[in-house]
2 protein chains.
Amino acid sequence: MSLKKQPVTGMKDILPDEMTLRDYLIGVIKETYRSFGFTPMETPCVEHIENLTSKQGGDNEKLIFKILKRGEKLRLADAAGEEDLCDSGLRYDLTLPLTRYYANNAAKLPSPFKALQCGSVWRADRPQKGRYRQFTQCDIDILGEESNLAEIELILAIAKTLKKLVPENDFLVRVNDRKILRAMVAFAGFPAGQEDGVLITLDKMDKIGTDGVRAELIENGASEASADQYLGLLKDLGTDAAAVRSLGEKLGDFLEPGTAEGLAEIMEAVQSVSCGAVKVQFDPTLVRGMGYYTGTIFEVSMEGFGGSVAGGGRYDKMVGKFTGTDVPACGFSIGFERIIAILMDQQYVIPTQKEKVAILLDKKLSAARRTEALQEAEALRAEGKDVLVTKMAKNKKFQREQLSQQGYTVFRDYFEA
Amino acid sequence: MSLKKQPVTGMKDILPDEMTLRDYLIGVIKETYRSFGFTPMETPCVEHIENLTSKQGGDNEKLIFKILKRGEKLRLADAAGEEDLCDSGLRYDLTLPLTRYYANNAAKLPSPFKALQCGSVWRADRPQKGRYRQFTQCDIDILGEESNLAEIELILAIAKTLKKLVPENDFLVRVNDRKILRAMVAFAGFPAGQEDGVLITLDKMDKIGTDGVRAELIENGASEASADQYLGLLKDLGTDAAAVRSLGEKLGDFLEPGTAEGLAEIMEAVQSVSCGAVKVQFDPTLVRGMGYYTGTIFEVSMEGFGGSVAGGGRYDKMVGKFTGTDVPACGFSIGFERIIAILMDQQYVIPTQKEKVAILLDKKLSAARRTEALQEAEALRAEGKDVLVTKMAKNKKFQREQLSQQGYTVFRDYFEA
């Protein structure tokens, strides 16, 4: 077998410029998350195949990179299918491993546990421009906090982080609640079994509009009366806290008491605390894909860019799948690769950098003179500078241009004294 | 299949205290490496199986986590063995992927290329205390620099980093050269085919001593004359640059010209530039396992701890395996998990941390009063503090103790006004 120069299909080599930006941004994200009392933690990248295929991950479960059993556990001759060959796989998100981690370590963790994790995840998606099979997620989660203090802090922390990362672009936090979504379906008189299908259709509102949604609902077996009652709830509905309260009143007993008030409070608190800097809107058509959400859901869209740059929600039933006892949980994740793409596109310049000095050595330098150059480099480092020591190129002008592009601003030539 | 709470065999959940330390140390390592002009870069964690099994990785190739093919490429019925089932695997080190990366991207990289990478690697080793199947390596490499300026800078950068990471413990850099090892074997008159075996035996010097090495050499078919001539080279040999030069003279034409002088220069330069702070010794019994080394090799041992905390060497023939054209290359890697183990053991306290404030909310707080607490938290964050907002526990004394252990030093109680 011959060696292959390219990275594996769908994954990428990260060049120095992008990696410098990534390191800087991860630093900003972690520092901001930490300032809200979140503590770093980490799970292995490899997870039990049983956990990865436990129906928590929606479509992502179809995209798992599976890892072959090893040694005598691998019995190829007896294997009837993939499931006999694999015992583990690469994690497709950070949430499922977090709930396993919490189930395994709760006794050693603070309560509530405010978790911060930035790490790689893998999905064997169809390769396409700008989407890679290994990518980074930056998550914060609060486990053990049942009140909406969790949601408020998550939104404030994510909003502050986005503001630091992409200061030039406005963004909007859209919020909804799975309980409101379900109450609306029940209110409109859809039969119980149709709930998932109705939400899948509703999720297309931004693409196919109200008429499209109505047509698809009816095509899928809904009565005209139900479809109209449902869409009637959305008609002329505002996007502020008052709209949430008024929808809550309309839904009456179909909605769990306190749900609308809880969501309205989240919106008001975020707006007050941020002095109006963070825009939060109620979006009754926001659904989000993952099956594990049980309550509030949120998504952040950024001015000038399609799709979302962050998303999350409440998932109160996941830890219980491991332990038998549910633990309230809520999380928010920044789509790091989107942020990188936006900033690379804007040719973003990292604000604070150390002065970079290049010490260039003539090719014929004696060992003693070279040592002097290295000593000067150390002295400059002691002053807080980044110092490169390298050989002088034949084409000095070209070399300086290259180094300037890499951020070097001071040059020192060393010749034999 | 039921869900599993434990991490997969041999891997570990990293708890907040350790993760905080890891984040801090990675920050110090990257900052120090950068101050020597190394630039961050990254390869995917998943690598082509052809590259991972190309005989560059020695015993590590037996420990690969292999990844199953997906979709129609996976044909279980036709598979005769593992190699038909897998197209990729998790990287077992950072060096092999780096050489692939360089081969793939050289035109876009500075020359010489000073690479910095910190990342996870995976080896399906037998699980044992303190050794995990996923662990972190922190590597620096210089590609495209044929002179010993590469070795000097790598040793200086690694030594400075270790000094910052583990300030309390002295360490020793031992150096040797594969060319000297080979010249010694030839000088002693071993037949050409015995070279690898002789070096494997020599590598046991610290465990079985001179007599043990002599006995094993003879047992493996060496003549008494060769064994004695070989061990005679080591007898009364010093550990300084002068010893290297004198061994070089003794080896004469068996050694490539300039090799001994080059190594002696490395030792002298490191000692001069560090003003004697970095101890460098010549160790003619240092072999190191990896097959890819072609010249200088180094290893760092730390006072009070067995094994090495860092290691590396020159590997001038690896890039050529991808491109057909060799590129001089030299690298040094810190064994991050060893450093973590040493510092956790010492109950190391991270030197600089922000002031941590805990704002405790009475359970009966109104939404309006809670917003005031959140506003104060924001104001404190603006002053550079880390601020946790959390509910007051029933047992306030216990809660404060717990928070104090997490580093909180300021407490603010919020009751309804």
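For the numbers below, each heavy atom of this structure counts, side chains included, while hydrogens, waters and symmetry mates do not. Throughout, protein chains are lettered first and strands after them, A, B, ... in sequence-line order, and every chain is numbered starting at 1.
Most heavy-atom pairs under 4.5 Å with chain A, from the set B:Gln405, B:Glu82, B:Met19, B:Arg100: that is B:Arg100. Contact tally against chain A (heavy-atom pairs below 4.5 Å) for B:Lys66, B:Gln134, B:Gln375, B:His48: the top residue is B:His48. Here B:Asp23 is the residue among B:Leu90, B:Thr390, B:Asp23 with the most heavy-atom pairs under 4.5 Å with chain A. Between chain A and the residues B:Val46, B:Leu74, B:Leu380, B:Leu156, the most heavy-atom pairs under 4.5 angstrom are made by B:Val46. Contact count against chain B (heavy-atom pairs under 4.5 Å) is highest for A:Asp13 among A:Val273, A:Leu68, A:Asp13. Contact count versus chain A (heavy atoms, under 4.5 Å) is highest, among B:Leu116, B:Leu388, B:Asn104, B:Ile64, for B:Asn104. The greatest number of non-hydrogen atom pairs below 4.5 Å with chain B, out of A:Leu109, A:Val389, A:Leu403, is found for A:Val389. Ranked by heavy-atom pairs shorter than 4.5 Å toward chain B, the options A:Glu31, A:Arg70, A:Glu18, A:Arg34 are led by A:Arg70. In terms of heavy-atom pairs under 4.5 angstrom with chain B, the leader among A:Lys30, A:Glu372, A:Lys69 is A:Lys30. Taking chain B as the reference chain and counting heavy-atom pairs below 4.5 Å, the highest number among A:Lys385, A:Glu265, A:Glu268 is found for A:Glu265. Comparing B:Thr32, B:Thr39, B:Asn105 by heavy-atom pairs within less than 4.5 Å of chain A, the highest count is held by B:Asn105.
At a cut-off of 3.5 Å, with distance as the only test, a side-chain donor of B:Asn148 or A:Arg370 sits close to an acceptor on the other residue. Checking B:Arg91 against B:Thr43 by side-chain atom types alone, a donor-acceptor pair falls below 3.5 Å. A:Glu145 and A:Ser147 share a donor-acceptor pair across their side chains, judged by distance under 3.5 Å alone.
Both the backbone and the side chain of A:Ile67 have a heavy atom closer than 4.5 Å to some heavy atom of chain B. A:Ala269 touches chain B through backbone and side chain together, each having a heavy atom under 4.5 Å away. Proximity to chain B (any heavy atom under 4.5 Å) is restricted, for A:Leu361, to the side chain, taken from C-beta onward. With a 4.5 Å cut-off on non-hydrogen atoms, A:Lys160 touches chain B through its side chain but not through its backbone. Heavy atoms of B:Ala80 lying under 4.5 Å from chain A belong exclusively to its backbone. Residue B:Leu76 touches chain A through its side chain alone, counting heavy-atom pairs closer than 4.5 Å. Using a 4.5 Å cut-off between heavy atoms, B:Arg22 makes no contact with chain A at all. Heavy atoms closer than 4.5 Å to chain A are found in both the backbone and the side chain of B:Ala103. In this structure, chain A has a heavy atom under 4.5 Å from the side chain of B:Leu85, while its backbone stays farther away. In this structure, chain B has heavy atoms under 4.5 Å from both the backbone and the side chain of A:Cys45. Heavy-atom distances place no part of A:Gln402 under 4.5 Å from chain B, backbone and side chain included.
When all heavy atoms of A:Pro44 and B:Pro7 are compared, the pair lying nearest together is CG-CB, 4.0 Å. Contact record, A:Asp386 with B:Ser35: OD1-CA, 3.1 Å, taken as the closest heavy-atom pair.
A donor-acceptor contact shorter than 3.5 Å is absent between the side chain of A:Asn51 and the backbone of B:Leu3. Side-chain atoms of A:Glu42 never come within 3.5 Å of backbone atoms of B:Lys12 as a donor-acceptor pair (strictly under, hydrogens ignored). For the pair A:Glu47 (side chain) and A:Leu52 (backbone), a donor-acceptor distance under 3.5 Å is absent. In this structure, B:Tyr101 contributes its side chain and A:Ile14 its backbone to a donor-acceptor pair below 3.5 Å.
When the side chain to side chain contact (heavy atoms under 4.5 Å, CB included) test is applied to B:Pro110, the partners found at least two apart in sequence or on another chain are A:Gln406, B:Phe113.
Residue pairs satisfying the salt bridge (charged side-chain N to carboxylate O under 4.0 Å, His left out) criterion with at least one member in residues 108-123 of chain A, sequence neighbours excluded, are listed as follows: A:Lys114-A:Glu153.
Cation-pi contact between B:Lys356 and B:Tyr408: present, with separation from the ring centre below 6.0 Å and deviation from the ring axis of at most 45°.
Heavy atoms of other residues, nucleotides or ligands lying less than 6.0 angstrom from CD of B:Glu146 number 12 at most.
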